[in-house]
Amino acid sequence: QVQLVETGGGLVQPGGSLRLSCAASRSVFSFNYMGWYRQAPGKERGLVALMPRSGNVNYADSVKGRFTLSRDNAKNTPTLQMNNLKPEDTAVYYCYVQFPAGGILWGQGTQVTVAS
């Protein structure tokens with residue numbers, strides 16, 4: 001049973017940067033999709049960035065040009081570099097991996113708060 005744990009969240013001022021990482025309890029060898037979702041208070045969980053096997057990352061319009069999704073080559077889990085953060089980016093961020101057989105894993109979430 002694989003578990004995902006996000007790290008790197010915290011409090012940052014507008015315009016600042018954070019890098020989120022996703023640690024797996026055991027190696028991920030193959031995936032259909034990996035990426036990040038987020039959920040702000042009172043809102044549904046929504047896509048931040050998603051990488052299929054092709055490596056062609058799909059970004060939410062609200063984060064294009066500011067966030068970069070990369071794959072941790074050692075672990076096959078997603079990292080998220082977040083630059084020029086805005087208060088509206090405040091949310092709990094969740095690591096996501098979908099396996100070829102269709103299984104889905106979610107991390108427990110890490111809080112990102114953007115405020116001056």
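These numbers were taken from a predicted model, which means no experiment stands behind them.
- Applying the salt bridge (charged side-chain N to carboxylate O under 4.0 Å, His left out) rule to pairs touching residues 34-58 yields R38-D89, sequence neighbours excluded.
- Rounding to the nearest 0.5 Å gives a distance of 12.5 Å between CG of L4 and OG of S21.
- Looking at Q39, its side chain never comes within 3.5 Å of a backbone N or O of A91 through a donor-acceptor pair.
- For the residue pair L69 and Y59, the shortest heavy atom distance occurs at N-OH, 2.9 Å.
- V92 and V97 are not part of a single hydrophobic cluster, where members link through side-chain heavy atoms under 4.5 Å apart.
- Applying the side-chain hydrogen bond (donor to acceptor under 3.5 Å, both in side chains) criterion to N56, with sequence neighbours excluded, gives no partner residue.
- Under the salt bridge (charged side-chain N to carboxylate O under 4.0 Å, His left out) criterion, no residue pair touches residues 7-24, with sequence neighbours excluded.
- I104 and W36 are members of different hydrophobic clusters when ILVMFWY side chains are connected at heavy-atom separations under 4.5 Å.
- Closest heavy-atom contact between T77 and M34: C-SD, 3.7 Å.
- By the side-chain hydrogen bond (donor to acceptor under 3.5 Å, both in side chains) test, S17 pairs with N83, sequence neighbours left out.
- With values rounded to the nearest 0.5 angstrom, Y33 atom OH is found 8.0 Å from N58 atom CG.
- Through side-chain heavy atoms spaced under 4.5 Å, either directly or across other Ile, Leu, Val, Met, Phe, Trp or Tyr residues, L11 is tied to no other residue.
- The two residues L20 and G9 have their closest heavy-atom pair at CD2-N, 3.5 Å.
- In this structure, L47 is not a member of the same hydrophobic cluster as F67, with clusters built from ILVMFWY side-chain heavy atoms closer than 4.5 Å.
- The structure places CZ of R66 at 9.5 Å from CE of M82, a figure rounded to the nearest 0.5 Å.
- For the side chain to side chain contact (heavy atoms under 4.5 Å, CB included) test, residues two or more places apart in sequence or in another chain that qualify with V12 are L18, L85, V114.
- Contact record, P52 with L50: CD-O, 3.8 Å, taken as the closest heavy-atom pair.
- Residues passing the side chain to side chain contact (heavy atoms under 4.5 Å, CB included) test with P100 are S30, N32, sequence neighbours excluded.
- For residues 72-99, the pairs satisfying ring-ring contact (aromatic ring centres under 6.0 Å, His included) are Y37-Y96, Y96-W106, with sequence neighbours left out.
- If you take CZ on F31 and CD on Q98, they are separated by 11.0 Å, rounding to the nearest 0.5 Å.
- In this structure, E88 places its CD atom where more than 12 heavy-atom neighbours from other residues, nucleotides or ligands lie under 6.0 Å away.
- Residues satisfying the side-chain hydrogen bond (donor to acceptor under 3.5 Å, both in side chains) criterion with N84, sequence neighbours excluded, are absent altogether.
- Here disulfide (SG to SG under 2.5 Å) pairs that include residues 65-105, with residues two or more places apart or in two chains, are C22-C95.
- In this structure, P78 and G35 approach most closely via the heavy-atom pair CG-O, 3.5 Å.
- In terms of the side-chain hydrogen bond (donor to acceptor under 3.5 Å, both in side chains) criterion, T68 has no residue partners (sequence neighbours excluded).
- The list of disulfide (SG to SG under 2.5 Å) pairs with a residue in residues 27-59, not counting sequence neighbours, is empty.
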